[in-house]
2 protein chains.
Amino acid sequence: MRAESLKGHLDGMILAVVGAAPAHGYAVIDELKRRSAGAFDLPEGTVYPALHRLEADGLLASSWATAGGRKRRVYRLTRRGRSALTRRRREWADFSHAVEGVLA
Amino acid sequence: MRAESLKGHLDGMILAVVGAAPAHGYAVIDELKRRSAGAFDLPEGTVYPALHRLEADGLLASSWATAGGRKRRVYRLTRRGRSALTRRRREWADFSHAVEGVLA
DNA sequence: CCTCATACCTCGTCATACTAGGCATCGGGT
DNA sequence: ACCCGATGCCTAGTATGACGAGGTATGAGG
């Protein structure tokens, strides 16, 4: 998978994953990989900064939890994140439709 | 249209446009706009560097032509460009399928 | 003439994915 | 007892690519 292809689309996908169920960073990475059938096997250096960015933008909120002696930062969607997700899905639909119109 | 969304996808679209018929820069911009129903109305500062990049990579070749007293650089696909286009279309199909799997 | 559309170009900026490192805990294998 | 892999978090720096802003030149129309 070309690295640049992802640009601008990762945030929406993270919102979709966290929107389905609150999750911590590692779980987000796993879920992105699972939902994409292995296509998106992203390094932590990609996902963690994106999570921080989304939280800074007020689209995600986080809290610490402990599971099996390990600390996890669990993210959930904020109300603004929910509407951002809706907008992102629509933008993806428009974008992919436009690309297909050109590539066809 | 979010600027970053385009990243990594523009090259394939330019190859598709030029692959349909040789074209000069302005015509590529017009055709991208037309095929995308106005979604991709790209500035010259985006398209010209992309054309140069593709030519430097050997995927496009150019020659000067004159039409109505104006000089145009007309691009055509090279053989390598043709196979790159095929590859890019497949990559787009894989990518969009993966994104839809995540967003759904 | 003067402006607009056509037609080309380049330089600097910005956003963002990734590389490469760092830290800590836990379980399993030797 | 010890090491290592997986889990789990983090950050600083790099590379890439789309874009904004600026430049040049020609031809047509008012």
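What you see below is based on every heavy atom in this structure, not just the backbone, and it leaves out hydrogens, waters and symmetry mates. We name chains A, B, ... by the order of the sequence lines, and we start the count at 1 in each one.
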Measure from the side-chain N and O atoms of [X] to the backbone N and O of [Y], and report whether any donor-acceptor pair falls under 3.5 Å.
X: A:S36; Y: A:F40; result: yes
X: A:T78; Y: A:L59; result: yes
X: A:E55; Y: A:S62; result: yes
X: B:R88; Y: B:A16; result: no

Query raised in the report: Ignoring hydrogens and angles, are the base of C:dT25 and the side chain of A:K71 linked by a donor-acceptor pair under 3.5 Å?
Result: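 It does not, because no donor-acceptor pair links the side chain of A:K71 to the base of C:dT25 below 3.5 Å.
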Report task. Tell me whether the OP1 or OP2 atom of D:dC10 has a side-chain N or O from A:Y48 closer than 4.0 Å. Result ->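 Negative; the distance criterion is not met.
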Nearest to the [X] side chain among [options], which nucleotide is it?
X: B:R53; options: D:dG17, D:dC9, C:dC9; result: D:dG17
X: B:R70; options: C:dA5, C:dA17, D:dT7; result: C:dA5
X: B:H52; options: C:dA15, C:dT10, C:dA7; result: C:dT10
X: B:A3; options: C:dC18, C:dC8, D:dC19; result: D:dC19
X: B:L42; options: D:dT7, D:dC19, C:dC18; result: D:dC19

Please report the distance, rounded to the nearest Å, between [atom1] in [X] and [atom2] in [N].
X: B:R88; N: D:dG17; atom1: CZ; atom2: C1'; answer: 12 Å
X: A:R73; N: C:dC23; atom1: CZ; atom2: P; answer: 20 Å
X: A:E55; N: D:dC9; atom1: CD; atom2: P; answer: 12 Å
X: B:D41; N: D:dA18; atom1: CG; atom2: C1'; answer: 14 Å
X: A:E31; N: D:dG8; atom1: CD; atom2: P; answer: 14 Å
X: B:H9; N: D:dG17; atom1: NE2; atom2: C1'; answer: 12 Å
X: A:Y26; N: D:dG5; atom1: OH; atom2: P; answer: 13 Å
X: A:F40; N: C:dA17; atom1: CZ; atom2: P; answer: 11 Å

Requested in this report: Assign each of A:L51 and B:A50 to its nearest nucleotide of DNA chain D by heavy atoms, then name whichever residue's nucleotide is nearer the 5' end.
Outcome: A:L51
Requested in this report: Could you pick out which residue, A:A27 or A:K7, lies toward the 5' side of DNA chain D when each is mapped onto its nearest nucleotide?
Outcome: A:A27
Query raised in the report: If each of A:G68 and A:E4 is mapped to the nucleotide of DNA chain C with the nearest heavy atom, which maps nearer the 5' terminus, i.e. the 5' end?
Result: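 Its nucleotide being nearer the 5' end, the pick is A:E4.
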Report task. Take A:L10 and B:G25, find for each the nucleotide of DNA chain C with the closest heavy atom, and name the residue whose nucleotide sits nearer the 5' end. Result ->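 Its nearest nucleotide lies further toward 5', so the answer is B:G25.
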**Report entry** Sugar-phosphate, base or nothing in reach of B:R72, heavy atoms under 4.0 Å
**Finding:** sugar-phosphate
Query raised in the report: With a 4.0 Å cut-off on heavy atoms, is A:G45 in touch with a base, just the backbone sugar-phosphate, or nothing at all?
Result: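 Result for A:G45 = base.
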Report task. Would you check, one step at a time, whether the test salt bridge (Lys or Arg N to Asp or Glu O under 4.0 Å) holds for A:K7 with A:E4? Result -> CA-CA 5 Å; A:K7 285 200 178 160; A:E4 305 83 57; over 6 Å; no
Report task. Describe, in one word, how the ring planes of A:H9 and A:F95 are oriented to each other, choosing from parallel (under 30°), tilted (30 to 60°) and perpendicular (over 60°). Result -> tilted
